[in-house]
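Got a structure for you, questions after.
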Amino acid sequence: MIACNNKHYRVPNWAIHILRTTTVMSLTFWKPGTAGPGSNLDRASQVEESIVPYAPQDGYLSVRGQQERLPIFKHREKLLYCVEKHGVVIVVGQTGCGKTTQLPQYLLQAGWADDGHVIACTQPRRIAATSVAGRVSEELGTKLGEEVGYTIRFEDVSSKEATRILYMTDGMLFRETLVDPLLSRYSVIMVDEAHERSIYTDLLLGVLRKIRKQRPSLRIVVSSATLDATKFMDYFLHGSDPNECTIVSLEGRMYPVEVAYLAESTPDYTKKAAEVVWNINLQQGPGDILVFLTGREDIDNCCQELSDMLPSLPARATKLVPLPLHAGLTTDEQLRIFQPAAPGTRKAIISTNIAEASVTIDGVKFVVDSGFVKIRVYNPTTSLASLATVPISVASATQRAGRAGRTAPGICYRLYPKAVFDKLPLTTSPEITRTDMTTPILQLKSLGIDDLMKFNWVSAPPAETVLRALEGLHAASMIDEYGKLTRIGEQVAECPVEVGIARMLFSSKDYKCGEEILTIAAMTAVQDIFIIPDGAPGALAELERRKFTAEEGDHFTLLNAYNAFTRYGKSAGWCKSHAISFRAMSRAVSIRSQLKKYMQRFDLPIESCEGDSKRLARCLVSGYWRNGARWAPDGTYRSVRGGMVLSVHPTSVLFTRKSRTGWVIFHEMEETKKTQIRILTEIEPEWLLDHGHAYDDKRKEQK
DNA sequence: CTCGCCCCG
């Protein structure tokens with residue numbers, strides 16, 4: 001048995017490597033000129049203000065390597081001094097240090113929002129933007145939407161005149177640059193959670209760097225949880241004045257979290273997770289358990305495993321309640337996660353990565369970390385997206401551990417040895433390196449950024465991805481042979497949909513089916529319309545879904561479902577009785593009305609095809625012509641481009657039935673165990689040629 | 001013959 005300073009803790013095959021007396025979450029203090037743990041801080045001599053603890057109590061502040069004690073108001077002044085003096089301030093601080101809520105308030109009080117200017121704070125997720133805005137507006141004692149507001153897609157709770165602090169999604173601010181390229185209404189832009197490296201964070205940083213050169217009065221605060229801050233500093237310093245950028249570090253306030261590692265690697269982390277949860281329940285005091293696994297399949301298995309063990313639980317032991325958590329849950333199921341455990345019971349929440357940053361559950365004292373995550377990766381050569389299970393990064397592991405210390409001291413059990421942890425990559429690869437760039441590149445072109453090879457990326461997307469995107473844009477006539485935006489390209493760049501879908505919206509004028517195409521465009525943008533639970537309820541749901549099934553395929557089926565939803569008063573009750581997600585349908589309604597406004601702006605008629613399904617299908621082909629496939633005798637399809645073997649996704653109405661013509665177009669393909677295509681519609685093969693020929697002819701002309 | 005990591009506009 002391994003000794004541990006927690007005397008109640010007895011699991012023989014664990015090796016306890018880190019037992020912190022203070023806190024896992026507090027930042028390692030580093031001095032300029034020395035390298036911090038696992039990070040390249042060699043050029044830290046350029047760093048002037050290295051440590052400014054944020055805390056209601058005082059703490060340490062280090063200026064040029066000298067530590068001194070300062071009361072809190074001086075820390076605030078120091079921070080503001082940095083923003084005043086430097087164009088770009090990189091703020092390092094873990095969750096809980098208050099940077100998201102406090103920093104914008106400091107800036108407001110210091111007068112950065114005078115003269116009608118606005119302080120923006122961007123978030124990668126909508127939920128964060130809305131909830132933080134609510135909290136800050138409460139702290140300031142103002143009504144949400146006045147002095148403090150938020151802007152996310154479909155929700156603008158802000159006022160042009162009154163709002164001084166604006167929380168928004170990074171995608172929203174990036175989109176705003178299309179309208180106002182200098183973002184002139186803002187005095188300070190704080191890019192929060194930059195370490196997550198969402199694609200819009202990266203694009204935004206790229207644009208902000210350019211804006212700074214033209215509008216030096218703009219201040220940028222980049223906030224990041226990990227010590228990869230030097231990467232951002234290098235980015236902003238590149239070839240400019242050394243005063244352009246500095247790093248400030250804030251100390252987080254978290255309860256201590258002990259971290260325990262498995263002595264040896266496990267071949268089956270799902271089973272191991274169940275075992276560890278079981279042991280925690282028997283050996284530890286009160287507190288809920290949060291388990292990180294990779295996907296729904298893992299989660300269901302783990303819950304099943306625990307449920308099977310429950311009958312053998314000693315009568316006197318705490319009762320264990322396994323609860324799955326992933327994005328596909330209904331609202332009711334999600335609410336169960338947040339209900340406090342009943343007396344004498346303990347919640348074991350078995351979750352995907354959603355609980356790492358998006359969903360916060362208080363009362364968790366024990367975290368079990370499988371060390372794996374599922375991420376989406378994109379292969380530009382085949383233009384195929386797939387889901388890969390990969391080891392997490394050090395940053396992720398730290399964030400997961402921190403979930404145990406939100407309300408009390410906790411313990412994190414890592415289901416892998418310390419030696420494995422030491423070899424983990426520091427950060428996950430940025431999204432921009434593993435995603436399709438067609439839409440982002442169209443938007444950059446619209447911003448006048450034409451030379452993508454010269455553009456200063458924080459991390460450049462693979463050249464192949466850029467070439468694929470340009471090829472796709474050219475094929476859809478969004479750019480000309482010189483790479484310049486066409487008239488339609490300019491308009492499509494403004495539309496919040498994928499290029500193919502936008503193409504469909506525009507050609508609906510020729511096919512006289514704007515009404516229906518609008519609905520289909522909105523429905524394909526929303527996932528999980530039909531709720532298919534496991535077992536008997538699943539079979540019933542399947543029967544309900546058949547009521548909407550259209551002969552032509554999935555696009556028409558989605559159209560039927562939307563029309564029925566509208567016909568029956570858009571009610572939640574109707575959705576429930578037809579196994580349809582009310583949440584998803586409401587979102588489709590919002591998206592449809594937003595897209596309708598764009599169509600009206602571009603003078604596209606919104607007329608009905610009056611039941612002429614052929615016309616509608618041909619309009620679909622105008623957007624999807626590159627996604628054609630032909631039936632093969634073994635029941636799969638072959639892609640028109642490249643002859644790939646494609647299996648129909650089981651949720652398709654064409655899963656059990658062959659396309660009558662033998663030809664289909666599809667909305668998207670994804671690689672799982674097989675390469676699967678989702679949302680299919682049967683077509684006549686010559687419809688494909690209309691568009692394919694036009695594209696090929698254009699290419700021949702060039703040669 | 002069977003399937004959904006997480007997000008953004």
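Order of the sequence lines fixes the chain letters, A, B, ..., with proteins taken first and strands second; residue numbering starts at 1 for each chain. Predicted model, so just to flag it, every value in this text is computed and none were measured.
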Check the distance between B:dC5's C1' and A:D528's CG and give it to me in whole angstrom.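 Roughly 12 Å, once rounded to whole Å.
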What is the nucleic acid contact for A:E498, judged by heavy atoms within less than 4.0 Å: base, sugar-phosphate only, or nothing?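 Base, at least one base heavy atom under 4.0 Å.
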Between CG of A:L680 and CD1 of A:I665, what distance do you get to the nearest 0.5 Å?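 Answer for the CG-CD1 pair, A:L680 versus A:I665, is 7.5 Å.
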Spacing between A:E431 atom CD and B:dC5 atom P, to the nearest angstrom: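 A:E431 atom CD is separated from B:dC5 atom P by 17 Å.
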Give me the distances for all protein-to-nucleotides 1-3 of chain B N/O pairs that come in under 3.5 Å?
from	atom 1	to	atom 2	distance (Å)
B:dC3	OP1	A:Q676	NE2	2.9

Identify, between A:Q594 and A:H326, the residue whose nearest nucleotide on DNA chain B lies closer to the 5' end.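 Its nucleotide being nearer the 5' end, the pick is A:H326.
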Just checking A:I152: base, sugar-phosphate only, or nothing, at a heavy-atom cut-off of under 4.0 Å?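 Touches sugar-phosphate only.
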Does a donor on one side chain sit under 3.5 Å from an acceptor on the other, for A:R592 and A:T519?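 Yes, because at least one side-chain N or O of A:R592 sits under 3.5 Å from a partner of the opposite role on A:T519.
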Base, sugar-phosphate, or nothing: which does A:V497 touch, judged by heavy atoms less than 4.0 Å apart?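 Since a base atom lies under 4.0 Å of A:V497, the category is base.
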To the nearest 0.5 Å, how far apart are CZ in A:F292 and CD1 in A:I349?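 That separation rounds to 10.0 Å.
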Please pick, from B:dC6, B:dG9, B:dG4, the nucleotide with the shortest atom-to-atom distance to any side-chain atom of A:R296.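 Out of B:dC6, B:dG9, B:dG4, the nucleotide with an atom closest to A:R296's side chain is B:dG4.
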Using a cut-off of strictly less than 4.0 Å, decide whether A:T352 has a side-chain nitrogen or oxygen near OP1 or OP2 of B:dC6.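 Checking A:T352 against B:dC6: at least one side-chain N or O falls below 4.0 Å of OP1 or OP2.
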For A:R406 and A:T360, which I'm curious about, is there any donor-acceptor pair between the side chains at under 3.5 Å?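 On atom types as modelled, these side chains do not qualify, holding no pair under 3.5 Å.
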side-chain N/O A:R126 vs B:dC7 OP1/OP2, d < 4.0 Å: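 So the side chain of A:R126 is outside the cut-off, no N or O lying under 4.0 Å from OP1 or OP2 of B:dC7.
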Closest to side chain of A:R376, choosing from B:dG9, B:dC5, B:dC6: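 Per side-chain heavy atoms of A:R376, the pick is B:dC5.
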Check whether any side-chain N or O of A:T675 sits under 3.5 Å from a backbone N or O of A:E671 as a donor-acceptor pair, and report yes or no.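 Answer holds: no.
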Among A:T428, A:T433, A:V458, side chain to side chain contact (heavy atoms under 4.5 Å, CB included) partner for A:R197: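 So the option named by the test is A:V458.
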Whole angstrom is fine here: how far is it from NE2 in A:H667 over to P in B:dG4?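 My rounded result for the distance is 15 Å.
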Nearest 0.5 Å, what's the CG-CG distance between A:L595 and A:L518?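 Here the interatomic distance stands at 6.0 Å.
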Rounded interatomic separation in angstrom, taking CD from A:Q123 and P from B:dG9: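 After rounding, the gap between these two atoms is 12 Å.
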Nearest whole Å is fine: how far is B:dG9 P from A:D436 CG?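 Computing the A:D436:CG to B:dG9:P distance gives 18 Å.
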Figure out the CD/C1' separation between A:E297 and B:dG4, and round it to whole Å.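 The distance from CD of A:E297 to C1' of B:dG4 comes to 11 Å, rounded to the nearest Å.
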Is A:S198 touching bases, backbone alone, or none of the nucleic acid, heavy atoms closer than 4.0 Å?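 Nothing, no nucleic acid heavy atom in range.
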Could you tell me the separation between the CD1 atom of A:I354 and the P atom of B:dC5, rounded to a whole number of Å?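 After rounding, the reported distance stands at 11 Å.
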Taking CD from A:Q527 and P from B:dC5, how many angstroms apart are they, rounded to a whole number?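 After rounding, the gap between these two atoms is 12 Å.
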